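Note that the numbering runs from 1 along the sequence shown for the chain. These numbers come from a predicted model, not from an experiment.
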Amino acid sequence: MTGFQTTHAFSGFSVDDIDAARTFYGEILGMDVSTNPMGFLDIRLPEGGSVLVYAKPNHTPASFTILNFPVEDVEAAVDDLNARGVVTKIYTDPDFGTDEKGIAHGGPGRGPDIAWFTDPAGNVLSVLATV
């Protein structure tokens with residue numbers, strides 16, 4: 001018998017409404033979502049791997065970005081998300097704010113272009129430019 005293994009590692013996060021999460025991740029974002037025997041959501045990622053989404057009655061949204069979607073064109077991705085009813089977050093921080101579409105433009109020392117949005121449970125996700 002072997003000990004610790006990394007072969008089937010996965011990540012997970014909580015939500016307050018599993019049905020709203022199923023609709024958001026499966027129908028709005030178009031991800032491969034299934035319900036496992038325990039009633040949790042399994043999100044299968046296209047390049048392999050998975051994310052477990054579970055309901056938690058006292059859910060508190062994560063204070064960090066839980067899922068990042070690399071894209072070639074952040075502005076086009078934001079337009080697509082907005083067309084699907086997803087609202088990007090507008091940040092007004094003078095050192096790292098966003099434009100009117102919710103895009104923080106990158107550059108030297110600032111990282112890639114990125115835009116953030118939330119799922120129905122308030123967890124933060126992003127689309128960011130591939131480098």
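Looking at heavy atoms from C-beta onward, K101 lies in side-chain contact with D79 at the 4.5 angstrom threshold. A 4.5 Å side-chain heavy-atom check between F13 and D119 finds at least one atom pair inside the cut-off. Contact annotation: the side chain of Y25 never approaches that of V51 to less than 4.5 Å [non-hydrogen atoms, C-beta and beyond]. Side-chain contact between F24 and V53 is absent, with no heavy-atom pair separated by less than 4.5 Å. Considering only heavy atoms from C-beta on, T98 stays 4.5 Å or farther from K89 through its side chain.
For Y91, the OH atom counts as densely surrounded, since its 6.0 Å shell holds more than 12 non-hydrogen atoms of other residues, nucleotides or ligands.
Under the side chain to side chain donor-acceptor pair (under 3.5 Å) criterion, D42 pairs with no residue, sequence neighbours left out.
A side chain to side chain contact (heavy atoms under 4.5 Å, CB included) with V78 is found for one member of D73, I103, D113 and no other, namely I103.
Across every non-hydrogen atom of W116 and A104, the tightest pair is CZ3-CB, 3.9 Å. Summarising the geometry of S126 relative to N68, their closest heavy-atom pair is OG-OD1, 2.6 Å, with the distance given to 0.1 Å. Nearest heavy-atom pair across I18 and G39 is CG1-O, 3.9 Å.
No donor-acceptor contact under 3.5 angstrom links the side chains of S34 and R44, judged on distance only.
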Self-check item: Derivation of the side chain to side chain contact (heavy atoms under 4.5 Å, CB included) call for L41 and T35
Solution: CA-CA 5 Å; L41 302 182; T35 304; 3.8 Å; yes
